[in-house]
Number of protein chains: 2
Amino acid sequence: MVQYYPAHFDASFGALSDATRRGVLEQLGRADASITALAERFQMTLTGMKKHVGVLEQAGLVSTEKVGRVRTCRLGLRGLEEEAAWIEGYRQLWAARFDQLDLVVEELKQREKANGRKKRK
Amino acid sequence: MVQYYPAHFDASFGALSDATRRGVLEQLGRADASITALAERFQMTLTGMKKHVGVLEQAGLVSTEKVGRVRTCRLGLRGLEEEAAWIEGYRQLWAARFDQLDLVVEELKQREKANGRKKRK
DNA sequence: TGTATACTGAACCACATGGTTCAGTATTAT
DNA sequence: ATAATACTGAACCATGTGGTTCAGTATACA
């Protein structure tokens, strides 16, 4: 059965709910990047980008390290496995739910047919 | 390549970022339910629950229908396929990124070995 | 030493979120 | 006709979000 309690789901799904942050994840999937580089790529102030990176970091999706004056961002150790699993579980629930509906529809059809026969009789 | 532009991702991931709403989805996966039933199950006012259902409905994850005085909520036609696909794509990026890292580490090890040999020489 | 670069933090802004209460309306049951 | 049920909408509240500007600090370059 699907479970909804992992607390960090709030943080990770929340982090994914913003297009800029999804973009940053994809960017970091290609190469590590500094705050400045990300800010330029997404046309945003340094401060703004730093906040986004902070959100991703809080969610455990990104980790950063400051060397000298530049902070390098890279993908974090968490890789959305649990989130993927939750969604997969939900998709199964969802599919089962519609299969059930199909059954109901099927049953209705059968009953109608039976009624039809009765009427014709 | 992973793409981050589908606009409704903001809405669907946003909808998933709340434990109550994930719970509602799971509940509706088992059986349709009225606002009142959901509000009781999650210990919340009707008004509060109605807002959550509204968010899920906006995201296309739930659909509702009012018959008489009761509004019945059920799972929507969208089933998080695209979201699952995005996450899967990201997971591949993520895994590739770490494979790459492994390669780098491997290379460093090789180089060290070589240096060791040189030194010893 | 001085100057440019890269980030950081505080403060502000408008608007969204996750809840509530309260006062309705529409339906159903007696 | 009355009363109970089920929802609805407006208004409010505290806090969070997605940005900004501005004034720093720390580091690197010349």
Side-chain angles (χ1 to χ4, degrees), chain A residues 4-28 31-74 76, chain B residues 4-28 31-74 76:
Chain A
Y4 63 91
Y5 50 73
H8 59 264
F9 276 15
D10 284 28
S12 44
F13 283 128
L16 293 181
S17 74
D18 180 275
T20 299
R21 285 191 295 261
R22 290 193 301 276
V24 167
L25 285 182
E26 297 180 9
Q27 190 60 37
L28 296 182
D32 298 350
S34 67
I35 302 278
T36 299
L38 291 173
E40 268 170 18
R41 181 88 195 331
F42 294 94
Q43 304 201 87
M44 190 173 299
T45 57
L46 278 185
T47 313
M49 180 50 72
K50 213 214 160 198
K51 281 192 184 182
H52 280 304
V53 169
V55 171
L56 289 165
E57 215 172 350
Q58 280 296 100
L61 302 177
V62 158
S63 79
T64 72
E65 189 196 3
K66 191 162 182 175
V67 173
R69 56 186 172 177
V70 20
R71 177 175 298 276
T72 299
C73 312
R74 54 179 58 85
Chain B
Y4 63 94
Y5 50 73
H8 59 265
F9 276 14
D10 284 27
S12 44
F13 284 128
L16 293 181
S17 73
D18 180 275
T20 299
R21 285 192 295 260
R22 289 193 301 274
V24 167
L25 285 181
E26 297 180 9
Q27 190 60 36
L28 296 182
D32 297 351
S34 67
I35 302 279
T36 299
L38 291 174
E40 270 170 16
R41 182 88 194 336
F42 295 92
Q43 304 200 89
M44 189 174 296
T45 57
L46 279 184
T47 314
M49 181 49 73
K50 214 212 160 201
K51 281 193 184 182
H52 280 303
V53 169
V55 171
L56 289 165
E57 216 172 349
Q58 280 296 101
L61 302 177
V62 159
S63 78
T64 72
E65 188 196 6
K66 191 161 183 178
V67 174
R69 57 185 170 178
V70 19
R71 175 173 300 275
T72 299
C73 311
R74 54 178 59 83

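Letters A, B, ... are given to chains in the order of the sequence lines, protein chains preceding strands, and every chain is numbered from 1.
- Toward the 5′ end of DNA chain D lies the nearest nucleotide of B:Thr47, the other residue of the pair B:Thr47 and A:Leu46 mapping further downstream.
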Please tabulate the protein-to-nucleotide N/O contacts below 3.5 Å involving nucleotides 17-19 of chain C, giving atom names and distances.
unit_1 : atom_1 : unit_2  : atom_2 : d
C:dG18 : OP1    : B:Arg21 : NH2    : 3.3
C:dG18 : OP2    : B:Arg21 : NH1    : 2.6
C:dG18 : OP2    : B:Arg21 : NH2    : 3.3
C:dG19 : OP2    : B:His52 : NE2    : 2.7
C:dG19 : N7     : B:Lys51 : NZ     : 3.1
C:dG19 : O6     : B:Lys51 : NZ     : 2.2

Yes or no on side-chain contact (heavy atoms from CB on, under 4.5 Å) for B:Leu56 and B:Leu25, after CA distance, side-chain angles and deciding distance?
-> CA-CA 8 Å; B:Leu56 289 165; B:Leu25 285 181; 4.0 Å; yes
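- The two residues B:Asp10 and A:Ala19 come nearest to each other via the heavy atoms OD1-N, 3.7 Å.
- Taking atom CD on A:Glu40 and atom C1' on C:dT5, their separation rounds to 12 Å, with Å as the unit.
- The CE-P distance, from A:Met49 to C:dG9, rounds to 17 Å in whole Å.
- Taking each heavy atom of B:Val62 and B:Glu57 in turn, the nearest pair found is O-CG, 3.3 Å.
- The two residues A:Leu28 and A:Ala33 make their nearest non-hydrogen contact at CD2-N, 3.7 Å.
- D:dA6 atom C1' lies 11 Å from atom NZ of B:Lys50, rounded to whole Å.
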Dump the pairs, protein N or O against N or O of nucleotides 28-30 of chain D, anything under 3.5 Å, distances to one decimal.
none

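- OP1 or OP2 of D:dT8 has at least one side-chain nitrogen or oxygen of B:Lys66 nearer than 4.0 Å.
- Considering every non-hydrogen atom in both B:Thr45 and B:Ala39, the closest pair reads O-CB, 4.0 Å.
- Shortest non-hydrogen contact noted between B:Met49 and B:Ile35 is CG-O, 4.0 Å.
- Side-chain contact check for B:Phe13 versus A:Arg22: some heavy-atom pair is nearer than 4.5 Å.
- Of the possible donor and acceptor atoms, none in the side chain of A:Arg74 sits under 3.5 Å from a partner among the backbone N and O of A:Ser63.
- In terms of the side chain to side chain contact (heavy atoms under 4.5 Å, CB included) criterion, residue partners of B:Val55 (sequence neighbours excluded) are, by chain and number, B:Ala15, B:Arg21.
- The interatomic distance linking A:Glu65 (CD) with C:dA6 (C1') rounds to 16 Å, in whole Å.
- The CG atom of A:Leu38 sits 14 Å away from the P atom of D:dG19 (whole-angstrom rounding).
- Between the C1' atom of D:dG9 and the CD1 atom of B:Ile35 lies a distance of 14 Å, rounded to the nearest Å.
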